[in-house]
Amino acid sequence: MDRRALDRSLAYVDSWLSWRLQRLHVPGCVVAVSVKGRVIFTGAYGDVAAGDVFRIASHSKSFTATAIMQLVEQGHLRLDDAAAQHLGWLADHQDRRWRSVTLRQLLCHGAGVVRDGLDADFWELARPFPDGEQLRAEVLEAQLVLEPNTTMKYSNFGYGVLGAVIETVTGRPYEEHLMDRVVGPLGLAATTPEPGSGDEVVTGYGWRHRDGTRRAVPPVDTKALAPATGFAASAADLCRYFSAHFPGSGKLLSDASKREMQRVHWRVQRPGFAGEEDYGLGLELEQLGGRRLVGHGGGFPGHITKTLADPAAGLVVTALTNASDGPASDVVRGVYHVVDRFQEGAGERPRRGLGRLEGRYLAMSGVTDLAVVGERVAAANPESWKPFEDTDELQVLDATTLRIARTSSFGSEGELVRFELRDGAVQRVRWAGTTMWPEERWDAEEARLLGTGR
């Protein structure tokens, strides 16, 4: 991966997300990017700071899976052990199939376990999350929903059971063991399995109402479901954590265990999703372009988060949002889209002076970004989660003139884009005959055009 192209892509990411997230009225979003364990970019948008801690919800499953794999490596467990072998109360379950449900099946969501029990209104904050005794009672109350080992069926209760296994085998509370064996060794100072009253976690917000307001979501304790959804972390910590899962890092687990976690165990069925998704052991697996990515997402009342890591490139991208409709997954995939577009121009030398043309240009008809990608000037749509997709292809004619080489049949193919500069700065653009202005000039020009600035 070309580092200069990567740095340029992240500069555009910062500009793009500043526009995109404000337009969507997202309360707050922190994005971090790391390469080979070193955080090289952190962007904070809205009413949050770069180091803020968010609830990362189902990212927790990857931490739980890591702890289980460590216990397997130490000989305390086997992946194909029945959970009932370590939790005697499961052997008394009225559904006899529970007696043969394995740790592996729970880790990859292949056990057919009910997702959140028969009363899942703790997600609506209508009841507390279950404690250990309640979780045991509710697991015993519910039959397996599907036959084990037939398909992937996501289950938070299954990970609650895995947390109970960790406590039984280690003789320690789940939170204490995870801090000692997973969080502590990586020096993740802003990460905790269950934030307490003294921990600073950003305020989460519910859905945006028609009048534009949102209600703050009060903090809650996930109790016995912490192994499924309890963790909180900063974006930079998540970058460091997932970097430790790269084979060859020498951290947390052997490479053999990492490969087992990152191996496809089930294909994810997601109607309407155009990409390819699978699930490993506590990890989501995704094909995005030519990249094979590993990571996880998280949905919590008032917080939506996503991390995708590319082991081959040593690249991690994470996005944390503090809203129930936060676009964390779109942000992360969009960052990879931008990075890949700039890598296409790696090694090319742009014509002198083209950098003056870069920027965001507005007119009554819309907004267009221009970025120098290698030796070309690329058009981008900052209103899109894939800003460089389906945009005009531009040909450089000289230092102040481009030609629209290819566009849709409804566009202006073959026409010119001319820049008017003063003291080296663009004053306006004539885009196929239509005038556009730099973003910093648009407010005044819009007021003039609408007659309110006279």
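Keep in mind the model is a prediction, meaning the values are calculated, not measured. Heavy atoms only: backbone and side chains are in, while hydrogens, waters and symmetry mates are out.
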Heavy-atom check, side chain of [X] versus side chain of [Y], under 4.5 Å:
X: H303; Y: I56; result: no
X: K36; Y: S243; result: no
X: N156; Y: W123; result: yes
X: L293; Y: L285; result: no
X: P327; Y: L21; result: yes
X: Y174; Y: T64; result: yes
X: P128; Y: F122; result: no
X: R8; Y: R4; result: yes

Answer yes or no: does atom [atom1] of [X] have more than 12 heavy-atom neighbours from other residues, nucleotides or ligands under 6.0 Å?
X: D14; atom1: CG; answer: yes
X: K386; atom1: NZ; answer: no
X: Q22; atom1: CD; answer: no
X: R3; atom1: CZ; answer: yes
X: R406; atom1: CZ; answer: no
X: R351; atom1: CZ; answer: yes

How close do [X] and [Y] get, counting heavy atoms only, and between which atoms?
X: A50; Y: V30; answer: O-CG1, 3.5 Å
X: F419; Y: V417; answer: CE1-CG1, 3.8 Å
X: A323; Y: I304; answer: O-CG1, 3.2 Å
X: F242; Y: G295; answer: CE2-CA, 3.7 Å
X: V113; Y: V145; answer: C-CG2, 4.4 Å
X: C239; Y: V39; answer: CB-CG2, 4.1 Å

H337 and F388: side-chain contact (heavy atoms from CB on, under 4.5 Å), yes or no, with the steps?
-> CA-CA 8 Å; H337 161 81; F388 290 98; 3.5 Å; yes
Side-chain donor-acceptor contact under 3.5 Å, [X] with [Y]:
X: T229; Y: Y159; value: no
X: S34; Y: R240; value: no
X: K61; Y: Y279; value: no
X: D369; Y: Y361; value: no
X: T191; Y: D237; value: yes
X: E383; Y: W19; value: yes

Taking [X] first and then [Y], would you say they form a salt bridge - that is, a charged N and a carboxylate O separated by under 4.0 Å?
X: E413; Y: R403; result: no
X: R376; Y: E393; result: no
X: R333; Y: E286; result: yes
X: R292; Y: D278; result: no
X: D80; Y: R104; result: yes

Go through the structure and list residues passing side chain to side chain contact (heavy atoms under 4.5 Å, CB included) with A232, not counting sequence neighbours.
->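 Expected list: V53, R55, T192, P195, V201.
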Results of side chain to side chain contact (heavy atoms under 4.5 Å, CB included) for Q74 - residues two or more places apart only |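 If we apply the side chain to side chain contact (heavy atoms under 4.5 Å, CB included) test to Q74, skipping adjacent residues, the hits are Q70, L71, H76, R181.
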Could you note down all residue pairs passing side-chain hydrogen bond (donor to acceptor under 3.5 Å, both in side chains) where residues 248-257 supplies at least one of them, sequence neighbours left out?
->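 Found E73-S254, E73-S257, S249-K258, S254-S257.
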Apply the test side-chain contact (heavy atoms from CB on, under 4.5 Å) to residues F41 and L6: give CA-CA distance (whole Å), side-chain angles for both, the deciding distance (0.1 Å), then the verdict.
-> CA-CA 10 Å; F41 173 83; L6 178 60; over 6 Å; no
Does the R360 side chain pair with the main chain of S15, one donor and one acceptor, at a distance under 3.5 Å?
->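 A pair under 3.5 Å: yes.
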With [X], which residues qualify under side chain to side chain donor-acceptor pair (under 3.5 Å), at least two apart?
X: T66; answer: Y241, H245
X: T407; answer: D392
X: W266; answer: none
X: E389; answer: none

Go through the steps to decide whether H265 and E260 satisfy the test side-chain hydrogen bond (donor to acceptor under 3.5 Å, both in side chains), and finish with yes or no.
-> CA-CA 9 Å; H265 286 69; E260 182 63 22; 3.2 Å; yes
Using a 3.5 Å cut-off and no angle test, enumerate the donor-acceptor pairs between side-chain atoms of residues 202-210 and protein atoms at least two apart in sequence or in another chain.
from : atom 1 : to   : atom 2 : distance (Å)
H209 : ND1    : T213 : OG1    : 3.4
H209 : NE2    : R215 : NH1    : 3.4

Would E284 and K306 satisfy side-chain contact (heavy atoms from CB on, under 4.5 Å), going step by step from the backbone distance to the final call?
-> CA-CA 10 Å; E284 296 174 357; K306 183 72 173 183; 2.7 Å; yes
What do the steps show when you test E194 against K223 for salt bridge (charged side-chain N to carboxylate O under 4.0 Å, His left out), and what is the final call?
-> CA-CA 8 Å; E194 179 75 88; K223 301 180 182 178; over 6 Å; no
Could you go step by step and tell me if E439 and L362 meet the side-chain contact (heavy atoms from CB on, under 4.5 Å) rule?
-> CA-CA 6 Å; E439 181 179 11; L362 292 93; 3.8 Å; yes
Rounded distance [0.5 Å steps], CE in M436 versus CH2 in W442 =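 If I round to the nearest 0.5 Å, the distance is 8.5 Å.
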Which pairs count as ring-ring contact (aromatic ring centres under 6.0 Å, His included) when at least one residue sits in residues 211-231, sequence neighbours excluded?
->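 Found F63-F231.
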Mind checking salt bridge (charged side-chain N to carboxylate O under 4.0 Å, His left out) for R78 and listing every partner two or more places apart, or none if nothing turns up?
->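 Salt bridge (charged side-chain N to carboxylate O under 4.0 Å, His left out) check on R78 returns D81.
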Partner residues of E147 under the salt bridge (charged side-chain N to carboxylate O under 4.0 Å, His left out) criterion, sequence neighbours left out |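 Residues passing salt bridge (charged side-chain N to carboxylate O under 4.0 Å, His left out) with E147: R97.
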Geometric class of the F300/F129 ring pair [parallel <30°, tilted 30-60°, perpendicular >60°] |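 Parallel, since the angle between the ring planes stays under 30°.
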In a table with atom names and distances, give each donor-acceptor pair under 3.5 Å that connects a side chain of residues 307-317 to protein atoms at least two apart or in another chain.
from : atom 1 : to   : atom 2 : distance (Å)
T307 : OG1    : H59  : NE2    : 2.9
T307 : OG1    : T318 : OG1    : 2.7
D310 : OD1    : A312 : N      : 3.0
D310 : OD1    : A313 : N      : 3.3
D310 : OD2    : R291 : NH1    : 2.6

